[in-house]
There are 2 protein chains.
Amino acid sequence: MIRVLLAEDQGMMRGALALLLGMEPDIEVVAQVGRGDEIVDAALLARPDVALLDIELPGRSGLDAAADLRTEAPDCRVLILTTFGRPGYLRRAMEAGAAGFLVKDGPVEELAEAVRRALRGETVIDPALAAAALSAGPNPLTGRERDALAASVDGATIADIAASLHLSESTVRNYLSSAIGKTGTRNRMEAVRAARRQGWL
Amino acid sequence: MIRVLLAEDQGMMRGALALLLGMEPDIEVVAQVGRGDEIVDAALLARPDVALLDIELPGRSGLDAAADLRTEAPDCRVLILTTFGRPGYLRRAMEAGAAGFLVKDGPVEELAEAVRRALRGETVIDPALAAAALSAGPNPLTGRERDALAASVDGATIADIAASLHLSESTVRNYLSSAIGKTGTRNRMEAVRAARRQGWL
DNA sequence: ACCTGGCCGTGACAAATGTCCCGGGTGCGG
DNA sequence: CCGCACCCGGGACATTTGTCACGGCCAGGT
C-alpha cells in the first residue's frame with residue numbers, strides 16, 4: 001500500500017481527492033491537512049510514502065514545506081498539486097526537491113498514476129509546462145524588489161510598504177521602479193500581476 | 001435517479017466531484033462542462049434535474065447562466081458551488097433564482113445531501129453566510145462605477161479605462177473617486193479588493 | 001586591489017492619480 | 001412640475017507615484 005499525505009485548503013477538494021485516492025486498491029490516504037504549517041508535523045507522525053501538496057495554503061507555502069520534508073523526512077517523495085502552472089512555481093518546486101508537479105486542470109486519472117510514478121522514482125511534469133519554465137529564465141528580481149512588490153498587493157501605499165519593511169519611502173520607490181522596469185510594465189499593479197503570473201511573487 | 005449537470009472549470013475538481021456524485025446510488029451525472037457559455041446548451045440537451053454551477057468560469061459567469069436556466073429550463077433546480085462565500089455572490093445567486101449556495105470549503109458529505117434537498121424544493125444556504133449577506137446590505141455602486149472599477153483591475157491606467165469604456169478621462173476619475181469613497185478605501189487597488197470581497201465586482 | 005552587484009538612502013522632477021468644485025442632460029416617481 | 005439619482009464632462013488643485021541621477025556601505029569574485 002502506498003501511504004499518501006494530502007495537503008489542500010479547500011475542504012471539498014481535499015475530501016474529494018482523498019476519497020478518489022482511497023478507491024485505488026494500492027493507495028491509502030494516511031493524513032489530511034488544510035494548512036501549510038501542519039504538513040511537517042503530520043508527515044513525521046504518519047510517515048507517508050508520498051506527500052501531495054498544494055502551494056497556496058494558509059499558514060505556510062507548500063513549497064517551503066516541501067523543502068523541509070527533504071531533510072526531515074528524506075524518504076518521502078513530494079508531489080506539488082496546484083491551480084496555476086506558473087513557470088516560477090515549477091522552478092521553485094524542483095529546487096525544493098519535488099518529485100513532480102501537477103496542475104489541477106487535467107483529468108483526475110493523472111493523479112493516482114502520478115503518485116505511483118513518483119514512488120517508482122520517476123519525475124512527473126507536464127512537458128509543455130517544463131518548456132515554459134525553461135524559456136522564461138530565472139527570477140530577475142532581487143530579494144528586496146520581491147519584498148516591495150509582495151507588500152504592495154492589496155493596495156498598500158508607498159508609506160505603508162516603507163513602514164512594513166522598515167525602509168525609507170524613497171528606497172521603496174526605487175525598488176518598485178526597478179521591479180517595474182524588469183517586468184516591462186507600466187505601474188505597480190501591472191508589475192505585481194506580471195510577477196505573479198511568472199510565479200516570482 | 002437524480003440527473004445532475006456539473007459546471008466547473010478545474011478539470012481535477014470537476015472529475016472528482018463527478019465521480020463522487022456518481023457513487024451515490026440515487027444520483028447520476030448526465031453532463032459536465034468546463035465553460036460558462038456551454039451551460040445552457042448542455043442543460044437543454046441533457047435535461048438535468050439539478051445544475052451544480054461554479055461562479056467564476058471562463059466564457060460566462062455561472063450566475064448569468066443560472067438566470068437563463070430559470071427561463072430556458074424552468075424545472076431545473078440550480079445550486080451554486082463556489083470558492084468564495086462573498087455576500088454579493090449569495091445575493092445575486094438568490095436573485096437569479098438559485099435553490100442553494102455552497103462553498104467549496106466544508107465537507108464533501110454536504111454535497112450529495114444538498115442536491116437531494118434542492119430537488120425536494122428546499123433552499124440550502126449556510127446560515128452564517130446568509131447573515132453576512134443580509135448585514136452587508138445591497139451593492140451601493142452604480143453601474144458605471146462598477147464598470148470603471150472592473151476595468152481597472154490588472155493595472156490599467158485612467159487612459160486605458162477611458163478608452164475601453166468610451167468615456168472621457170475626467171469622467172473615469174470621477175467614477176473611480178466616487179467608488180473609492182463608497183468603499184471607504186484610499187485608492188483604486190483597495191477599492192477593487194473591497195468590492196471583490198463583497199462580491200460587487 | 002579592484003570591480004560588480006545588491007542594499008539603502010537623498011533630492012529633484014514629470015506624470016499619474018484622487019478630490020473637489022462646477023456645469024448639463026436624462027428619466028423616474030411624488 | 002419638482003426633486004432626485006444617475007449619467008457625462010470640464011477645470012483646478014494637492015497628493016501620490018514613477019523616473020533619474022547621485023551618493024555610501026558591504027560582500028563577493030578576479
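With rounding to whole Å, A:Glu190 atom CD is found 14 Å from D:dT17 atom C1'. Distance CG (A:Leu167) to P (C:dT10): 11 Å, rounded to an integer number of Å. A:Asp147 places its CG atom 14 Å from the C1' atom of C:dC8, with the value rounded to the nearest Å. Note: NZ (A:Lys182) to P (D:dG18) measures 17 Å, nearest angstrom. Between the P atom of D:dC6 and the CZ atom of B:Arg146 lies a distance of 11 Å, rounded to the nearest Å. If you take CD1 of A:Ile158 and C1' of D:dG18, they are 8 Å apart, rounded to a whole angstrom. If you take CZ of A:Arg186 and C1' of C:dT17, they are 14 Å apart, rounded to a whole angstrom. Between the C1' atom of C:dT17 and the CD1 atom of B:Ile161 lies a distance of 11 Å, rounded to the nearest Å.
A:Gly181 comes within 4.0 angstrom of no nucleic acid atom, judged by non-hydrogen atoms across all strands. If you check every strand for non-hydrogen atoms under 4.0 Å, A:Thr142 touches sugar and phosphate atoms only.
Heavy-atom nearest nucleotides on DNA chain C were determined for A:Ser168 and for A:Tyr175, and the one closer to the 5' end corresponds to A:Tyr175. Taking the nucleotide of DNA chain D with the nearest heavy atom to each of B:Arg173 and B:Asn187, the more 5' of the two is matched to B:Arg173. Comparing B:Glu145 and B:Glu169 along DNA chain D, the residue whose closest nucleotide (by nearest heavy atom) sits nearer the 5' end is B:Glu145.
Listed candidates were C:dC8, C:dG18, C:dT17. Nearest to the side chain of A:Arg144 is C:dC8. Between D:dC7, C:dT10, D:dT17, one nucleotide has an atom nearer to the side chain of A:Arg188 than all others, and that is D:dT17. Taking only side-chain atoms of A:Thr171, from C-beta outward, the nucleotide of C:dC7, C:dG18, C:dG9 with the closest atom is C:dG9. Checking D:dC8, D:dG10, C:dG9 against every side-chain atom of B:Asn174, the shortest atom distance belongs to D:dG10.
Only one option out of B:Leu176, B:Leu149, B:Leu167 pairs with B:Ile161 in a side-chain contact (heavy atoms from CB on, under 4.5 Å); it is B:Leu176. If you run side-chain contact (heavy atoms from CB on, under 4.5 Å) between B:Met12 and each of A:Asp105, A:Leu20, A:Leu81, only A:Leu81 comes through. Tested against B:Ser178 for a side chain to side chain donor-acceptor pair (under 3.5 Å), the candidates B:Glu145, B:Arg144, B:Arg173 yield a single pass: B:Glu145. With B:Phe101 as reference, B:Thr82 is the one residue of B:Asp126, B:Thr123, B:Leu79, B:Thr82 to meet the side-chain contact (heavy atoms from CB on, under 4.5 Å) rule.
Under the 4.0 Å criterion applied to side-chain N and carboxylate O atoms, A:Glu8 and A:Arg14 are not assigned as salt-bridge partners.
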